[in-house]
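Structure record follows, encoded as structure tokens.
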Amino acid sequence: MNIDGFIIRVDERGNEIRRDPRELRGAMYHSSGWSHNPIFVHFKKDVLDRYYERPSKYIVGDLSLIWHDTGTVEHFLPIDDDHDDKVCVLFDRLALLSDEELLHWRIYNIHPQGESSKTYLDRYVPGGIPTESNRPEHRFRNRYSALRQLCSTNLGWNLFCPLESNDEYRLQCIRVSSADEQKKFDELVTNLTIVLIDSLNVYDLKTLLPQKQHKQFKDEHTIAWLKHVLGLHSIEDAQDHLCFLRKLQNLRSSSTAHRKGCDPTMYQDCVTYFDLNKLGNLQGFTGILQQAIDFLEFLIRVVERAELIRKSELPLLYDLNEHLHALLQTLSPSGNGGVFSDERWINETVPENRKIAHHLMTNVIDEFEGSPSDLMSHCESLITSKNPNANPSDIKTTLIDIAKKFIWQAERGFRYGMNLLYQSKAIDLPVDECFEDSAERAAYSKKLFEYCQVCVDLDEIKNCDWYRQYVAWHLSYANLHILYAYEHVLHADGLDSMPVILDAVSVVQGVVDVAEKVVNVDAVRKTAKDLAQIAK
């Protein structure tokens with residue numbers, strides 16, 4: 001078979017110096033990408049088209065060409081493809097190729113032009129420090145693989161579903177084509193859309209959203225689910241990437257999936273967004289692929305910073321908030337204001353008992369370190385010291401009046417603290433300062449709530465005319481705790497949110513014991529249990 005040799009150099013007169021690599025067969029280390037006397041043979045970039053188009057047999061990797069007919073690596077050819085317009089191969093490594101393939105490479109053989117890439121030298125020269133290929137197709141696949149590995153480690157699931165066996169070739173075929181042809185451009189857009197958009201893992205993304213939103217968004221496309229998850233978790237810098245995904249999907253829909261004239265407005269919008277008229281298909285797809293790489297790097301940062309795994313409690317906190325609102329609406333279908341506007345149940349308490357409650361809140365509770373039962377004993381002693389003739393019924397009435405004031409003040413004080421938190425965030429105070437005052441009010445309110453719980457026998461008061469207002473204040477207080485936990489998880493990145501969540505769950509579980517005499521608390525109880533398991 002006459003191959004006529006390969007051009008290894010051109011002399012000063014412009015004459016081609018050729019050699020046949022077959023003379024070196026059997027006299028080389030096939031795995032190395034370097035030799036003591038490196039002679040590089042140069043080829044047009046088109047030489048790789050044959051291999052890209054047969055991904056079931058070949059893998060054009062990062063600075064390598066791999067044969068894998070049987071599913072394992074049969075041959076490995078180091079190649080320097082880190083150039084826009086050429087591919088370089090060490091002369092002696094060409095001996096790896098069969099005679100048939102040597103004929104193919106011979107067609108694309110060109111005069112040596114320029115030097116080998118720094119990336120190749122860093123990778124294969126002994127003592128070099130490997131660097132990443134600059135080619136966007138390799139960087140894209142590297143990021144795609146890195147993201148999948150990171151997701152498996154950090155999330156336990158992947159943001160992208162595995163490609164079906166019949167679609168695996170699409171990932172390998174994503175590259176900057178050597179030809180500026182519409183057909184090739186359309187194929188590349190289709191492959192990129194399937195790999196990057198159609199493969200988004202909607203099933204697991206849904207688990208990061210409240211159940212209520214599953215029905216609300218059930219008919220939306222995959223990008224919308226990602227948008228809602230990133231929005232719920234307040235992930236910064238997401239908008240540009242979501243815009244890119246929508247434009248890419250529209251480009252596929254208006255050009256490659258249908259006739260280009262079917263939706264000319266959408267198609268022209270995509271052409272303008274990707275600047276295809278100016279850049280052409282080849283450079284245009286290079287820009288598209290760079291945006292895809294930026295999107296993958298964005299997702300890698302999100303997963304690395306644990307912005308999804310750390311905030312997996314958000315959907316349940318959201319659901320708890322919705323459940324508590326629903327219970328409040330059950331108590332007052334015309335609006336919660338109807339429940340809270342009636343404060344006679346507070347004002348009708350015995351004045352002397354209100355004074356005792358005020359004394360406890362201002363002089364005792366801040367410094368009191370005992371259990372709720374210890375406080376009740378302290379209250380009973382205080383009551384009898386002020387009224388030595390108090391009988392058990394008087395003591396019980398006083399304890400109920402104290403409990404009313406405690407839960408009323410717990411809700412009012414915590415609401416004030418939440419308002420301060422929102423105001424602090426609005427003026428961009430540091431996170432620790434934003435939550436410092438709210439944390440103090442949360443701790444104080446929780447004490448009031450716990451002491452309130454031991455002062456009242458629920459079975460004895462469930463038929464009182466003020467019981468619905470008492471329940472409403474408990475529900476509103478629990479709702480504030482959930483909102484506080486939600487804000488803490490969402491914004492207090494440098495602070496530990498677990499104690500805040502567990503405090504909120506503890507409050508909710510105590511509240512359902514109060515509210516179950518009036519409303520159905522099954523959904524709240526279940527969600528609180530699920531949240532506690534996640535937080536722990």
Taking the six-membered ring of W345 as reference, does the NZ or CZ atom of K404 fall below 6.0 Å from its centre and within a 45° cone about the axis? no
Discussion item. Apply side chain to side chain donor-acceptor pair (under 3.5 Å) to residues N321 and N479 and explain how you reach the verdict.
Written reply: CA-CA 6 Å; N321 181 49; N479 174 239; 2.3 Å; yes
Answer yes when R135 and D62 have at least one side-chain N-carboxylate O distance shorter than 4.0 Å, and no when they do not. no
Check: Y267 and T272 side chains under 4.5 Å, non-hydrogen atoms
no
Which side-chain N or O atoms in residues 241-249 pair as donor and acceptor under 3.5 Å with protein atoms at least two apart or in another chain?
| unit_1 | atom_1 | unit_2 | atom_2 | d |
| --- | --- | --- | --- | --- |
| K247 | NZ | D269 | OD1 | 3.4 |
| K247 | NZ | D269 | OD2 | 2.5 |

dist Q453:CD -> S373:OG (nearest 0.5 Å) comes out at 12.0 Å
- Give a yes or no on whether a salt bridge exists between R143 and E132, defined as a side-chain N under 4.0 angstrom from a carboxylate O. yes
Could you check whether any side-chain heavy atom of V456 comes within less than 4.5 Å of a side-chain heavy atom of L399, counting everything from C-beta outward?
no
- Task: Please examine the side chains of N391 and D394, heavy atoms only from C-beta on, and report whether any two atoms are closer than 4.5 Å.
- Result: yes
*Taking C-beta and beyond as the side chain, do I174 and V195 meet within less than 4.5 Å on heavy atoms?*
yes
Please walk me through it: do S133 and R123 pass side chain to side chain donor-acceptor pair (under 3.5 Å)?
CA-CA 9 Å; S133 170; R123 177 78 56 86; over 6 Å; no
Residues pairing under salt bridge (charged side-chain N to carboxylate O under 4.0 Å, His left out) where one sits in residues 152-162, two or more places apart or in two chains, turn out to be none
Could you go step by step and tell me if R139 and Q290 meet the side chain to side chain contact (heavy atoms under 4.5 Å, CB included) rule? CA-CA 9 Å; R139 291 173 57 225; Q290 183 56 56; 2.9 Å; yes
**Q.** Evaluation steps, side chain to side chain contact (heavy atoms under 4.5 Å, CB included), between L331 and L475
**A.** CA-CA 10 Å; L331 288 176; L475 291 173; 3.7 Å; yes
request  = Considering only NZ, NE, NH1 and NH2 on the basic side and carboxylate oxygens on the acidic side, decide whether R412 and E343 come within less than 4.0 Å.
outcome  = yes
* With a cut-off of 6.0 Å (strictly less than), are more than 12 heavy atoms of other residues, nucleotides or ligands near NZ of K447? -> yes
key: Ion pair R141/E137, N-O distance below 4.0 Å   = no
Handout entry: Min side-chain heavy-atom separation P130-D122 under 4.5 Å
Key = no
In this structure, SG of C464 is separated from CD1 of I400 (nearest 0.5 Å) by 6.5 Å
Scanning both residues in full, the closest heavy-atom pair of A442 with Y484 reads CB-CE2, 4.1 Å
Tell me whether E307 is salt-bridged to R301, with the criterion being a basic N under 4.0 Å from an acidic carboxylate O. no
Taken to the nearest 0.5 Å, the spacing of T384 OG1 from L382 CG works out to 8.0 Å
Is the Y477-F449 ring centre distance short of 6.0 angstrom? yes
Review point. Do Y467 and N463 come within less than 4.5 Å of each other through their side chains, counting heavy atoms only?
Key: no
G413 and S445 have their tightest heavy-atom pair at C-OG, 4.5 Å
*May I ask you to check whether over 12 heavy atoms, not counting those of Y422, lie within 6.0 Å of atom OH?*
yes
When I293, L188, L251 are each screened for side-chain contact (heavy atoms from CB on, under 4.5 Å) with I288, the one that passes is L251
**Residues E313, H488; criterion side chain to side chain donor-acceptor pair (under 3.5 Å); working and verdict** = CA-CA 11 Å; E313 305 91 347; H488 205 281; over 6 Å; no
NE2 (H221) and CG (L226) are apart, to the nearest 0.5 Å, by 11.0 Å
_Can a donor-acceptor pair be found, under 3.5 Å and without considering hydrogens, that links the side chain of D319 to the backbone of P210?_
no
**CA sep, side-chain torsions, deciding dist, call: R344, Q469, side chain to side chain donor-acceptor pair (under 3.5 Å)** = CA-CA 9 Å; R344 288 175 297 172; Q469 281 81 13; over 6 Å; no
Practice prompt. Over 60° means perpendicular and under 30° means parallel, so classify the ring planes of F414 and H481, tilted if in between.
Written response: perpendicular
Without placing hydrogens or testing angles, list every side-chain donor-acceptor pair under 3.5 Å for residues 348-361, not counting sequence neighbours.
| unit_1 | atom_1 | unit_2 | atom_2 | d |
| --- | --- | --- | --- | --- |
| T349 | OG1 | I346 | O | 2.7 |
| T349 | OG1 | R354 | NH1 | 3.2 |
| N353 | OD1 | T398 | OG1 | 3.1 |
| N353 | ND2 | D401 | OD2 | 2.7 |
| R354 | NH1 | N347 | O | 2.9 |
| R354 | NH1 | T349 | O | 2.5 |
| H359 | ND1 | N363 | ND2 | 3.0 |

Could you give the side-chain donor-acceptor pairs of residues 518-527 under 3.5 Å, partners two or more places apart or in another chain?
| unit_1 | atom_1 | unit_2 | atom_2 | d |
| --- | --- | --- | --- | --- |
| N520 | OD1 | D522 | N | 3.0 |
| R525 | NH2 | E516 | OE1 | 2.8 |
| K526 | NZ | D530 | OD2 | 2.9 |
| T527 | OG1 | H323 | NE2 | 3.4 |
| T527 | OG1 | A523 | O | 2.9 |

Output for pair (R441 CZ, E436 CD), nearest 0.5 Å, gives 12.0 Å
message = I'd like to check I402 versus Y451 (side-chain heavy atoms, cut-off strictly below 4.5 Å). Are they in contact?
response = no
Q.
Assess the residue pair I194 and T190 against the criterion (side chain to side chain contact (heavy atoms under 4.5 Å, CB included)); give the C-alpha distance rounded to whole Å, side-chain angles, the decisive distance to 0.1 Å, and a yes or no.
A. CA-CA 6 Å; I194 290 174; T190 297; 4.0 Å; yes
Measure from the side-chain N and O atoms of S234 to the backbone N and O of L230, and report whether any donor-acceptor pair falls under 3.5 Å. no
Closest heavy-atom pair, A390 versus I395, reported as atoms and distance to 0.1 Å, is CB-CG1, 4.2 Å
Dump the intermediate steps for side chain to side chain contact (heavy atoms under 4.5 Å, CB included) on F140 and L192, then the final yes or no. CA-CA 10 Å; F140 175 82; L192 185 60; 3.6 Å; yes
Rounding to 0.5 Å, atoms CG (L375) and CD (E380) come to a distance of 10.0 Å
Note to self: Is the shortest side-chain heavy-atom distance between L232 and P315 below 4.5 Å?
What the structure shows: yes
On a heavy-atom basis, the closest approach of A478 and V507 is CA-CG1, 3.9 Å
Smallest heavy-atom separation, I407 atom then C452 atom, equals CB-SG, 4.0 Å
#### Entry: E433 CD: over 12 foreign heavy atoms closer than 6.0 Å
yes
What one should report as the nearest heavy-atom pair of R175 and F285 is O-CE2, 3.2 Å
Expected list for residues 156-169: side-chain donor-acceptor pairs under 3.5 angstrom, two or more places apart:
| unit_1 | atom_1 | unit_2 | atom_2 | d |
| --- | --- | --- | --- | --- |
| N158 | ND2 | S152 | OG | 3.4 |
| D167 | OD1 | R170 | NE | 2.7 |

Sorted by chain and number, sequence neighbours left out, side chain to side chain donor-acceptor pair (under 3.5 Å) with T193 holds for none
